[in-house]
Amino acid sequence: MQKSYILEMFPYPSGNIHMGHVRNYVIGDICARYHKLKGDEVIHPMGWDAFGLPAENAAIQFNTHPKDWTLTNIESMKNQLKKLGLDLDWEKELATCKEDYYQYQQELFIDFYKAGLAYKKDALVNWDPEDQTVLANEQVIDGKGWRTGATVEKKVLSQWFFKITKYAEELLNALDELELWPEKVKTMQRNWIGKSVGAEIKFKIAGEDDQLNIFTTRPDTIYGATFIALSVNHRLVNKFLKNKEINEIKKLFSAVDNEKEKKGYLMNIKCKHPLLEKEIPVFIANFVLDNYGEGAIFGCPAHDERDYEFAVKYKIPIIKVIECDDNELPFTHDGIVINSPLLNGLKKTEAIHKIINYFKEKKIGNESINYKLRDWGVSRQRYWGCPIPVIYYEDGTFRVLDKSELPILLPYDVDLNGKGNALLNHDNWRKIVCPKTNKIAYRETDTLDTFVDSSWYYIRFLNNKLDRPFDTKQVNDYLPVDKYIGGIEHAILHLLYSRFFMKALRDIYNLKINEPFKQLFTQGMITHKTYKTKNDEWIMPREVYQKEGKLYRGKTNEIVIEGPSEKMSKSKKNVIEPDEILENYGINATRFFMISDSPPDRELEWTDEGIQGSKNLARRINEYFKKNRTDMKLDTNKMIEKFIFNIEKNIMNFSLNKCVADVYTLFNYLEKEKVYLHNSDESKKILICLYPIVPNMVSDLYMFLFNSKNIGNWPEINKELLVEKSINLPIQVQGKLVTTINTKKGYKEKEILKSIYKLDKIKNKIQNKEVIRVINVQDKIINIIIN
RNA sequence: GCGCCAGUGGCGGAAUGGUAGACGCGCUGGUCUUAGGAACCAGUGGGCAACCGUGGGGGUUCGAGUCCCUCCUGGCGCACCA
């Protein structure tokens with residue numbers, strides 16, 4: 001039996017589902033139900049991404065406990081999901097905050113550690129002052145925390161990391177084989193991994209026994225290097241400057257108004273140029289990233305915009321080493337190398353090749369590949385997350401626990417006052433006697449980033465009750481997920497982490513699976529018109545009424561200004577509540593509308609007309625089947641076969657909006673021809689095709705018509721009926737449509753031309769001219785070319 | 001700035017290089033109604049017409065919304081990545 005693993009991204013249990021969830025899960029449900037009808041062994045589970053900060057914030061705000069708050073939310077959201085008529089296997093349900101999930105994550109952590117994929121180091125990390133926790137690089141957007149929007153600070157802390165960089169090359173290359181992923185997501189991941197090929201060059205420090213390693217993609221411009229710039233966090237800054245001075249420089253840098261304005265501080269050390277008998281100045285500069293390469297660059301102002309700007313400001317010499325006009329500086333394009341004894345006259349790639357070989361020979365450099373991707377910082381200074389199974393002794397050493405010492409459970413009795421990490425403040429939990437050494441020890445109080453939880457939940461779903469993380473055979477048999485459906489906002493974070501996890505687990509446990517998600521489908525947002533008063537107050541759409549072409553607010557009769565359709569958000573008051581819609585329009589209309597007006601990967605604008613149209617469609621179908629049976633017309637069977645064929649094709653391609661069009665086309669035909677099928681076998685076929693989309697309605701109708709709950713299998717298509725025997729053949733002259741004629745398929749070209757030439761419209765076109773060529777695309781089109 | 005995607009009626013959107021606008025919404029007219037914002041029926045790209053029409057301009061082709069080049073516009077992502 002063919003397996004089909006259909007998965008939608010599991011939700012965070014905030015307490016209420018929103019329209020975005022509805023769309024996501026209806027799309028997945030249609031797929032899953034279709035595959036079941038086709039006879040596949042379908043896996044379609046649901047769970048809860050249940051650790052995370054909102055629970056802690058809610059605990060403080062409402063004086064409840066994160067666990068209680070979360071579990072209550074799960075219950076109510078589960079009820080809401082059940083109202084959507086989703087065919088989910090609730091036996092497989094999991095919640096990442098439950099010990100039967102996270103204790104196995106602790107096992108994985110131990111295995112990662114043993115495999116060298118988890119390690120601890122002092123690191124300059126992103127600190128979110130509002131959430132009081134560290135964030136991964138991926139979670140910092142424009143210098144702000146992804147969740148809080150607070151400006152992120154830099155701090156040095158001892159942190160746990162996962163070695164995702166070990167897989168940088170594979171994560172990049174394997175994207176090419178993910179044929180069923182959107183190009184857009186792959187591009188985003190490629191950019192994020194950010195591979196650069198170049199060279200690493202050693203710069204000796206004059207008068208010191210120390211050196212710098214500098215990565216560059218342009219070793220061909222080495223003769224134009226006129227300065228060195230270091231990040232303020234570079235090792236050598238610490239070596240040569242006092243803390244006080246460093247702090248002053250940091251202050252100087254952060255005082256810059258415009259973030260892009262370049263600032264530098266001249267150090268009193270110099271570097272030797274690796275090829276020339278000269279020394280060049282060393283700056284500390286605000287524009288040098290400390291987390292790329294070693295946090296040091298050589299500046300070649302003539303051929304780099306940033307270096308040029310800096311050099312002009314600090315009056316650093318600018319030496320041209322690529323042929324160009326002076327007014328073209330900085331010249332960053334390819335060109336012929338000049339002023340470079342070893343490289344003169346060469347083109348860029350030749351020069352790069354030659355100089356790297358020279359560096360190798362002299363042992364002052366090497367070719368080098370650099371990635372933007374950093375290792376994944378997974379420590380979070382929060383209570384509501386998976387505890388890291390590590391203890392610390394009083395001498396500062398630590399021990400990663402054995403699997404036999406698991407689980408490390410979160411204590412329930414914590415003091416959540418919003419200040420700092422509740423685990424750190426919980427002495428009873430924290431302080432233990434190590435059973436191996438009998439020494440006093442302290443538990444790790446950081447918990448794991450919740451993106452760790454979601455990096456392997458699709459594996460745990462295969463057997464959520466197993467007494468180890470997963471079963472190898474099951475993983476090999478049932479992964480990858482065949483269709484993974486969710487929002488594009490996870491393009492980098494969740495999807496990259498999961499890919500890394502799959503590869504890491506593959507290598508640790510000898511799995512045969514390389515990628516977790518075979519096909520990725522990213523559904524579009526749901527948007528809704530926004531409305532404002534003249535005082536910029538957002539108001540709810542339902543408050544607005546229209547009179548003589550103008551919009552007014554219901555209770556005050558103020559003029560209302562209509563804004564663009566935007567993503568539903570509470571702050572803009574353009575939210576539609578699923579519960580309300582289900583109540584007013586019913587589940588069938590709701591499901592129809594979720595796929596009606598736009599292709600699933602594009603935005604769907606919520607409109608009253610749209611949902612009303614879906615309601616009408618549902619009603620029409622219901623009424624249709626209740627009418628008394630009539631005879632079929634000649635082409636009725638053909639229409640039904642076409643319907644089956646099209647629905648199947650369109651579900652497979654995620655062209656669900658076209659499925660709705662297919663439904664209209666069929667019922668328009670049946671009603672126009674007054675063909676009523678009632679409890680016929682043909683009705684069964686039609687209902688089965690409708691079942692994935694509107695299962696509730698179909699179940700009721702099936703009961704009513706056939707007194708049975710047993711919806712059969714997906715109907716076999718009678719291909720013979722699909723073939724059109726007669727066609728409307730378009731006739732072109734000079735490639736332009738002139739007329740069409742109705743004819744049988746398989747006509748003889750000579751014969752049909754005879755009758756075509758008799759047509760007035762064709763005669764008029766041809767008149768006295770000579771036919772020089774006739775293009776007959778058999779059964780498709782005829783094109784007559786005249787002189 | 002770089003990358004990706006997209007530009008088709010009043011709107012959402014259909015079209016393996018082969019009849020552009022399927023299907024829906026809206027609109028117009030009609031039927032039934034005390035009434036209708038319900039339901040049903042008919043029509044609906046522009047133009048009186050010949051014809052013209054898929055963001056603009058080139059090209060490939062018998063034939064281009066579709067392929068190629070170029071420009072414009074919009075959306076998304078990345079962005080001092082050396």
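So you know, we letter chains A, B, ... as the sequences are listed, proteins then strands, and number each from 1.
- The phosphate of B:C5 (OP1 or OP2) has no side-chain N or O of A:Thr187 nearer than 4.0 angstrom.
- In terms of polar N and O atoms assigned as donor or acceptor, the side chain of A:Lys184 never comes within less than 3.5 Å of the base of B:C76 in a complementary pairing.
- Here A:Lys372 does not reach the OP1 or OP2 of B:C78: none of its side-chain N or O atoms lies under 4.0 Å away.
- Distance alone, capped at 3.5 Å, places no donor-acceptor pair between the A:Lys567 side chain and the A:Met525 backbone.
- Among the atoms of the strands shown, base atoms are found under 4.0 Å from some heavy atom of A:Gln732.
- Counting any heavy atom pair closer than 4.0 Å across all strands shown, A:Pro599 reaches sugar-phosphate atoms only and no base atom.
- Taking the centre of each ring, A:Tyr314 and A:Phe227 stay at or above the 6.0 Å mark.
- The residue A:Lys567 sits apart from the nucleic acid: no heavy atom pair falls under 4.0 Å.
- Residue A:Asn728 is classed as a base contact, given a heavy-atom separation below 4.0 Å to a base.
- No hydrogens or angles were tested; on distance alone, a donor-acceptor pair under 3.5 Å links the side chain of A:Asn783 to the base of B:C62.
- A:Asp220 has a carboxylate O that lies under 4.0 Å from a charged side-chain N of A:Arg218, or vice versa, which qualifies the two as a salt bridge.
- Aromatic ring centres of A:Tyr585 and A:Phe593: separated by at least 6.0 Å.
- When heavy atoms are screened at a 4.0 angstrom cut-off, A:Lys186 is found touching no nucleic acid atom at all.
- Within 4.0 Å of A:Leu289, counting heavy atoms only, lies at least one base atom of the nucleic acid.
- A donor-acceptor contact under 3.5 Å is not formed by the side chain of A:Lys780 with the base of B:U19.
- Counting any heavy atom pair closer than 4.0 Å across all strands shown, A:Asp307 reaches no nucleic acid atom.
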